[in-house]
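Have a look at the structure below, then the notes.
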Amino acid sequence: MASKIKTSSTNAHNLKVLADYCDVNETLKNISQRWKMSLLYNITNGIQHFGQLKKAFPTLSDQILSKRLGELVAEGLANKSCISDTIPQQTLYTPTCKGNALIRIILELQRWGNKDWPHIQQQCCG
């Protein structure tokens, strides 16, 4: 887990400057936390139970899985519902319209990266 950044540090100042001068950075910071987009992607593709997600990402701790799922719900990217009459009680995560829209953007970014990034890297570095 990442440690808190001291508010008086140069790093904190740089993050504030980036946020003040480019709104994109704040958005990228919010969605780029480790596991977050991978979890949302899997939820949108039918892996919607905590246990299924745990199996899909066996190195992900229960604590971080719970935290990231909670963030997705709090940010309006996923819904959480409990399935009644299950022991132990099962929880189902489903994408919201906002979550589906974000995944479409992420997949478009992936397509761009797969198509254009090797060409860009060759121009810059090759």
Side-chain angles (χ1 to χ4, degrees):
M1 190 182 309
S3 57
K4 296 275 185 188
I5 298 172
K6 294 180 200 171
T7 56
S8 61
S9 72
T10 303
N11 193 20
H13 174 73
N14 289 338
L15 290 172
K16 182 175 178 356
V17 168
L18 287 170
D20 288 346
Y21 291 99
C22 185
D23 293 338
V24 171
N25 288 307
E26 192 64 23
T27 300
L28 291 174
K29 180 181 146 197
N30 289 334
I31 67 171
S32 67
Q33 290 177 322
R34 188 177 294 174
W35 304 107
K36 189 178 273 189
M37 287 302 100
S38 295
L39 290 169
L40 182 59
Y41 176 80
N42 278 274
I43 290 169
T44 61
N45 285 301
I47 300 176
Q48 300 176 325
H49 296 278
F50 187 95
Q52 291 174 319
L53 291 164
K54 183 64 182 160
K55 286 179 186 174
F57 302 102
T59 60
L60 178 57
S61 72
D62 289 357
Q63 180 183 6
I64 295 298
L65 177 56
S66 294
K67 182 177 181 179
R68 292 294 180 255
L69 289 170
E71 291 167 357
L72 290 171
V73 170
E75 294 162 356
L77 298 170
N79 291 315
K80 176 183 177 179
S81 57
C82 295
I83 302 171
S84 60
D85 299 330
T86 57
I87 299 174
Q89 190 170 35
Q90 293 183 4
T91 304
L92 180 69
Y93 294 90
T94 54
T96 62
C97 291
K98 183 178 172 182
N100 281 319
L102 178 56
I103 285 299
R104 285 193 297 275
I105 293 166
I106 296 296
L107 291 174
E108 187 59 35
L109 183 60
Q110 177 196 23
R111 280 189 284 282
W112 173 83
N114 289 342
K115 178 180 162 252
D116 293 332
W117 198 254
H119 176 70
I120 292 168
Q121 283 185 312
Q122 187 177 20
Q123 284 181 332
C124 296
C125 309

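One is the number of the first residue; the rest follow in order along the sequence. None of these values were measured; they are calculated from a predicted model.
Listed for the Thr44 side chain is no donor-acceptor partner under 3.5 Å among the backbone atoms of Pro95. Panel note: side chain Lys98, backbone Glu75; a donor-acceptor pair is recorded below 3.5 Å.
Annotation: Lys54, atom NZ; neighbour count of heavy atoms from other residues, nucleotides and ligands within 6.0 Å is above 12.
A distance of 4.0 Å separates CG in Leu40 from CD1 in Ile103, rounded to the nearest 0.5 Å. With rounding to the nearest 0.5 angstrom, the CD atom of Gln48 is 8.5 Å from the CG atom of Leu53. Distance check, rounded to the nearest 0.5 Å: CG of Leu102 to SG of Cys97 gives 13.0 Å. Taking CG from Asn79 and CG from Leu72, the interatomic distance works out to 11.0 Å, rounded to the nearest 0.5 Å. To the nearest 0.5 Å, the span separating CD on Glu71 from CD1 on Ile64 amounts to 8.5 Å. Note: Lys55 NZ to Leu60 CG = 15.0 Å, rounded to the nearest 0.5 Å.
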Please list, one pair per line, the donor and acceptor atoms closer than 3.5 Å that link side chains of residues 27-34 to other protein atoms, with sequence neighbours excluded.
residue : atom : partner : partner atom : Å
Asn30   : ND2  : Glu26   : O            : 3.3
Ser32   : OG   : Leu28   : O            : 2.7
Gln33   : OE1  : Lys36   : NZ           : 3.1

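When every heavy atom of Thr96 is checked against every heavy atom of Gly76, the shortest pair comes out as OG1-O, 2.5 Å. Closest approach of Gly46 to Gln52, counting heavy atoms only: O-OE1, 4.0 Å. When all heavy atoms of Ile47 and Ala56 are compared, the pair lying nearest together is CD1-CB, 4.5 Å.
Here the side chains of Leu69 and Leu65 are in contact, with some heavy-atom distance below 4.5 Å.
Screening residues 23-43 for ring-ring contact (aromatic ring centres under 6.0 Å, His included), with sequence neighbours left out, gives Trp35-Phe57.
In the hydrophobic clustering (ILVMFWY side chains linked at under 4.5 Å, chained through shared members), Ile83 is joined by Leu92.
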